[in-house]
Amino acid sequence: MTSENPRAVISSAPPSRRQIQSWQDAERNAAAWMRHWGFSDAEAKPGGADGGIGVRSRRALGQVKYQAAAVGRPELQNLFGARGRNMEKQLFFFTGSSYAATAVEYADNNSIALFVYALDGAMTPVNETARRTGAAPAPLTPTAPRHYLPLVSAAPATWLHRLRSPRRHAHHPSGRCPDGPGPSRDWFWPARPSRFPASPRSSPGPT
(Lines give C-alpha, C1' and ligand atoms only; values in the text may rest on other atoms or scores of the structure.)
Protein backbone atom coordinates (compact mmCIF):
# COMPACT_ATOMS: atom_id res chain seq x y z
CA MET A 1 0.00 0.00 0.00
CA THR A 2 1.17 3.54 -0.62
CA SER A 3 1.79 6.12 2.05
CA GLU A 4 1.11 9.06 -0.24
CA ASN A 5 -1.41 11.58 1.10
CA PRO A 6 -4.03 12.48 -1.55
CA ARG A 7 -4.87 15.63 0.37
CA ALA A 8 -1.37 17.07 0.36
CA VAL A 9 -1.26 20.82 -0.01
CA ILE A 10 -0.19 21.94 -3.46
CA SER A 11 3.08 23.84 -3.33
CA SER A 12 4.60 26.17 -5.86
CA ALA A 13 7.87 24.24 -5.46
CA PRO A 14 8.24 20.94 -7.36
CA PRO A 15 8.22 17.65 -5.43
CA SER A 16 11.39 16.67 -3.67
CA ARG A 17 13.69 14.37 -5.61
CA ARG A 18 13.43 10.66 -4.91
CA GLN A 19 15.34 7.70 -6.26
CA ILE A 20 13.30 5.58 -8.65
CA GLN A 21 14.31 1.97 -7.99
CA SER A 22 11.03 0.15 -8.67
CA TRP A 23 7.69 0.56 -10.40
CA GLN A 24 6.17 1.44 -7.02
CA ASP A 25 8.60 4.33 -6.69
CA ALA A 26 7.72 5.45 -10.22
CA GLU A 27 4.00 5.51 -9.44
CA ARG A 28 4.44 7.39 -6.18
CA ASN A 29 6.64 9.90 -7.91
CA ALA A 30 4.05 10.40 -10.67
CA ALA A 31 1.31 10.93 -8.06
CA ALA A 32 3.42 13.58 -6.31
CA TRP A 33 3.90 15.47 -9.57
CA MET A 34 0.21 15.30 -10.43
CA ARG A 35 -0.65 16.81 -7.05
CA HIS A 36 1.87 19.55 -7.76
CA TRP A 37 0.10 20.24 -11.06
CA GLY A 38 -3.22 20.80 -9.32
CA PHE A 39 -4.76 17.31 -9.00
CA SER A 40 -4.71 17.42 -5.22
CA ASP A 41 -6.37 14.03 -4.66
CA ALA A 42 -4.03 12.10 -6.97
CA GLU A 43 -3.00 8.86 -5.29
CA ALA A 44 -0.73 6.03 -6.36
CA LYS A 45 -2.64 2.77 -6.78
CA PRO A 46 -0.08 0.02 -7.35
CA GLY A 47 -1.64 -2.62 -9.51
CA GLY A 48 1.15 -4.76 -10.85
CA ALA A 49 4.58 -4.80 -12.42
CA ASP A 50 3.30 -3.34 -15.71
CA GLY A 51 1.95 -0.24 -13.92
CA GLY A 52 -1.51 -0.14 -15.53
CA ILE A 53 -3.53 2.80 -14.26
CA GLY A 54 -1.06 3.61 -11.54
CA VAL A 55 -2.38 7.02 -10.42
CA ARG A 56 -6.00 7.96 -9.95
CA SER A 57 -7.73 11.26 -9.28
CA ARG A 58 -11.27 12.52 -9.61
CA ARG A 59 -10.12 14.64 -12.54
CA ALA A 60 -7.27 12.62 -14.01
CA LEU A 61 -5.79 9.19 -14.69
CA GLY A 62 -2.12 8.37 -14.93
CA GLN A 63 -0.38 5.33 -16.37
CA VAL A 64 3.21 4.66 -15.34
CA LYS A 65 5.68 2.39 -17.12
CA TYR A 66 8.88 1.16 -15.51
CA GLN A 67 10.61 -0.40 -18.49
CA ALA A 68 13.51 0.10 -20.88
CA ALA A 69 11.54 -0.35 -24.11
CA ALA A 70 9.99 2.64 -25.85
CA VAL A 71 6.27 3.19 -25.30
CA GLY A 72 4.18 2.47 -28.39
CA ARG A 73 0.74 3.45 -29.53
CA PRO A 74 -1.09 0.40 -28.06
CA GLU A 75 -0.20 1.44 -24.48
CA LEU A 76 -1.74 4.86 -25.04
CA GLN A 77 -4.82 3.31 -26.60
CA ASN A 78 -5.25 1.19 -23.46
CA LEU A 79 -5.04 4.33 -21.32
CA PHE A 80 -7.58 6.13 -23.50
CA GLY A 81 -9.95 3.18 -23.25
CA ALA A 82 -9.57 2.99 -19.46
CA ARG A 83 -11.06 6.47 -19.17
CA GLY A 84 -14.38 5.18 -20.49
CA ARG A 85 -17.08 7.83 -20.69
CA ASN A 86 -15.33 10.18 -18.27
CA MET A 87 -14.02 12.33 -21.09
CA GLU A 88 -13.46 15.28 -18.75
CA LYS A 89 -10.57 13.46 -17.04
CA GLN A 90 -7.06 14.46 -18.07
CA LEU A 91 -4.82 11.57 -19.14
CA PHE A 92 -1.14 11.31 -18.16
CA PHE A 93 1.46 8.81 -19.28
CA PHE A 94 4.82 8.43 -17.55
CA THR A 95 7.80 6.35 -18.60
CA GLY A 96 11.49 6.15 -17.81
CA SER A 97 12.42 5.34 -21.41
CA SER A 98 11.00 7.08 -24.50
CA TYR A 99 8.01 7.17 -26.88
CA ALA A 100 7.64 5.93 -30.42
CA ALA A 101 6.69 8.51 -33.03
CA THR A 102 3.30 6.86 -33.53
CA ALA A 103 2.65 7.11 -29.78
CA VAL A 104 3.42 10.82 -29.73
CA GLU A 105 1.12 11.40 -32.70
CA TYR A 106 -1.71 9.49 -31.03
CA ALA A 107 -1.20 11.41 -27.79
CA ASP A 108 -1.33 14.75 -29.60
CA ASN A 109 -4.58 13.80 -31.32
CA ASN A 110 -6.19 12.75 -28.02
CA SER A 111 -4.76 15.32 -25.58
CA ILE A 112 -2.69 12.82 -23.58
CA ALA A 113 0.17 14.38 -21.62
CA LEU A 114 3.43 12.46 -22.13
CA PHE A 115 6.27 12.67 -19.60
CA VAL A 116 9.64 11.00 -19.14
CA TYR A 117 10.90 10.67 -15.58
CA ALA A 118 14.55 10.46 -14.58
CA LEU A 119 16.00 8.13 -11.97
CA ASP A 120 16.02 11.01 -9.48
CA GLY A 121 12.30 11.68 -10.00
CA ALA A 122 12.60 14.73 -12.26
CA MET A 123 9.95 15.08 -14.98
CA THR A 124 10.43 16.14 -18.59
CA PRO A 125 7.42 16.95 -20.81
CA VAL A 126 7.45 15.32 -24.24
CA ASN A 127 4.54 16.90 -26.10
CA GLU A 128 2.62 20.19 -26.05
CA THR A 129 -0.20 18.78 -23.92
CA ALA A 130 2.33 17.84 -21.26
CA ARG A 131 3.98 21.25 -21.36
CA ARG A 132 0.63 22.98 -21.06
CA THR A 133 -0.83 20.70 -18.39
CA GLY A 134 2.34 20.41 -16.36
CA ALA A 135 3.09 24.11 -16.31
CA ALA A 136 2.80 25.44 -12.77
CA PRO A 137 0.51 28.48 -12.53
CA ALA A 138 2.41 31.74 -12.36
CA PRO A 139 2.24 33.46 -8.95
CA LEU A 140 0.12 36.57 -8.77
CA THR A 141 2.13 39.76 -8.83
CA PRO A 142 1.13 42.02 -5.96
CA THR A 143 0.15 45.48 -7.06
CA ALA A 144 0.42 48.67 -5.07
CA PRO A 145 -2.89 49.92 -3.71
CA ARG A 146 -4.43 52.78 -5.60
CA HIS A 147 -5.25 55.97 -3.81
CA TYR A 148 -8.07 58.10 -5.05
CA LEU A 149 -8.74 61.71 -4.17
CA PRO A 150 -12.25 62.41 -2.95
CA LEU A 151 -14.55 63.95 -5.49
CA VAL A 152 -15.18 67.62 -4.69
CA SER A 153 -17.80 69.47 -6.63
CA ALA A 154 -16.58 72.78 -7.93
CA ALA A 155 -18.18 75.79 -6.28
CA PRO A 156 -19.87 78.34 -8.55
CA ALA A 157 -17.68 81.22 -9.61
CA THR A 158 -19.94 83.71 -7.84
CA TRP A 159 -19.47 82.01 -4.49
CA LEU A 160 -15.70 81.74 -4.99
CA HIS A 161 -15.59 85.46 -5.66
CA ARG A 162 -17.58 86.22 -2.54
CA LEU A 163 -15.34 84.01 -0.41
CA ARG A 164 -12.23 85.74 -1.77
CA SER A 165 -13.71 89.22 -1.26
CA PRO A 166 -15.28 89.54 2.21
CA ARG A 167 -17.87 92.25 2.47
CA ARG A 168 -19.80 93.82 5.26
CA HIS A 169 -23.36 92.91 5.94
CA ALA A 170 -25.62 94.58 3.41
CA HIS A 171 -28.70 94.84 5.60
CA HIS A 172 -27.44 95.92 8.99
CA PRO A 173 -25.99 99.36 9.70
CA SER A 174 -23.45 97.98 12.18
CA GLY A 175 -22.06 95.53 9.67
CA ARG A 176 -22.67 92.72 12.13
CA CYS A 177 -24.58 89.54 11.55
CA PRO A 178 -27.99 89.88 13.21
CA ASP A 179 -27.89 86.20 14.19
CA GLY A 180 -24.51 86.25 15.90
CA PRO A 181 -22.18 88.47 17.90
CA GLY A 182 -19.17 88.54 15.59
CA PRO A 183 -18.41 90.69 12.53
CA SER A 184 -20.08 89.54 9.39
CA ARG A 185 -17.30 90.26 6.90
CA ASP A 186 -17.08 86.56 6.12
CA TRP A 187 -20.81 86.26 5.61
CA PHE A 188 -22.86 87.03 2.57
CA TRP A 189 -26.58 87.45 2.86
CA PRO A 190 -28.73 87.39 -0.25
CA ALA A 191 -30.75 90.45 -1.05
CA ARG A 192 -33.98 90.47 0.94
CA PRO A 193 -36.06 93.01 2.84
CA SER A 194 -34.14 94.15 5.89
CA ARG A 195 -35.51 93.47 9.34
CA PHE A 196 -33.86 96.64 10.63
CA PRO A 197 -34.81 100.36 10.13
CA ALA A 198 -32.85 102.33 7.63
CA SER A 199 -29.99 104.53 8.79
CA PRO A 200 -31.05 108.14 9.59
CA ARG A 201 -28.56 109.44 7.08
CA SER A 202 -30.25 107.44 4.31
CA SER A 203 -33.80 108.45 5.34
CA PRO A 204 -35.47 111.11 3.22
CA GLY A 205 -35.84 114.57 4.84
CA PRO A 206 -39.15 116.20 5.77
CA THR A 207 -41.11 117.53 2.87
Side-chain angles (χ1 to χ4, degrees), residues 1-140:
M1 296 296 291
T2 178
S3 60
E4 296 293 335
N5 180 9
R7 297 183 180 181
V9 177
I10 303 172
S11 172
S12 59
S16 58
R17 300 295 176 89
R18 65 180 74 193
Q19 293 298 315
I20 308 300
Q21 299 178 345
S22 65
W23 57 265
Q24 293 94 335
D25 294 337
E27 289 183 349
R28 292 168 183 151
N29 182 61
W33 278 97
M34 287 177 62
R35 289 195 296 271
H36 169 65
W37 294 327
F39 302 91
S40 58
D41 62 336
E43 184 178 6
K45 300 285 188 179
D50 63 346
I53 304 301
V55 184
R56 295 182 181 273
S57 166
R58 289 189 303 270
R59 298 184 294 117
L61 293 176
Q63 187 168 358
V64 184
K65 288 294 183 179
Y66 183 72
Q67 62 185 30
V71 175
R73 176 170 176 166
E75 287 91 337
L76 298 184
Q77 289 175 323
N78 291 338
L79 173 61
F80 186 87
R83 182 170 59 178
R85 297 181 179 180
N86 299 320
M87 300 300 293
E88 72 281 359
K89 287 189 176 183
Q90 175 61 50
L91 299 180
F92 291 87
F93 203 104
F94 305 90
T95 184
S97 56
S98 61
Y99 295 90
T102 54
V104 175
E105 180 183 4
Y106 181 84
D108 290 340
N109 293 335
N110 293 279
S111 300
I112 302 175
L114 304 181
F115 289 90
V116 171
Y117 60 84
L119 292 180
D120 62 353
M123 285 290 178
T124 301
V126 174
N127 61 348
E128 181 60 29
T129 303
R131 284 186 286 270
R132 183 175 62 253
T133 305
L140 296 177

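Worth saying up front: this structure is predicted, and the values here are computed from it rather than measured.
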Of all the heavy-atom pairs spanning [X] and [Y], show the shortest one and how long it is.
X: Val116; Y: Ser97; result: CG1-O, 3.7 Å
X: Pro15; Y: Ala32; result: CG-O, 3.6 Å
X: Met34; Y: Ala42; result: CB-CB, 3.9 Å
X: Ala113; Y: Ala130; result: CB-CA, 3.7 Å
X: Glu43; Y: Ala31; result: C-CB, 4.1 Å

Is the side chain of [X] donor-acceptor paired with the backbone N or O of [Y] at a distance under 3.5 Å, no angle test?
X: Gln67; Y: Ala69; value: yes
X: Glu75; Y: Gly72; value: yes
X: Tyr99; Y: Phe115; value: yes
X: Gln90; Y: Ser111; value: yes
X: Asp41; Y: Arg58; value: yes
X: Arg18; Y: Gly121; value: no
X: Asn110; Y: Ile112; value: no
X: Arg59; Y: Gly38; value: yes

Spatial distance of atom [atom1] ([X]) from atom [atom2] ([Y]) [nearest 0.5 Å]:
X: Arg73; Y: Asn78; atom1: CZ; atom2: CG; value: 12.0 Å
X: Gln63; Y: Glu27; atom1: CD; atom2: CD; value: 9.5 Å
X: Asp108; Y: Thr129; atom1: CG; atom2: OG1; value: 6.0 Å
X: Asn127; Y: Glu105; atom1: CG; atom2: CD; value: 12.0 Å

Fill in: Full working for side chain to side chain contact (heavy atoms under 4.5 Å, CB included) between Leu61 and Arg56
CA-CA 5 Å; Leu61 293 176; Arg56 295 182 181 273; 3.9 Å; yes
Between Tyr106 and Phe80, what is the ring plane arrangement, given parallel below 30°, perpendicular above 60°, and tilted in between?
perpendicular
Could you tell me whether the side chain of [Y] reaches within less than 4.5 Å of the side chain of [X], counting heavy atoms only?
X: Trp33; Y: Tyr117; value: no
X: Tyr66; Y: Ile20; value: yes
X: Asp120; Y: Gln19; value: yes
X: Phe93; Y: Lys65; value: yes
X: Leu76; Y: Leu114; value: yes

message: With a 6.0 Å cut-off on the ring centroids, do Phe92 and Trp37 count as close?
response: yes
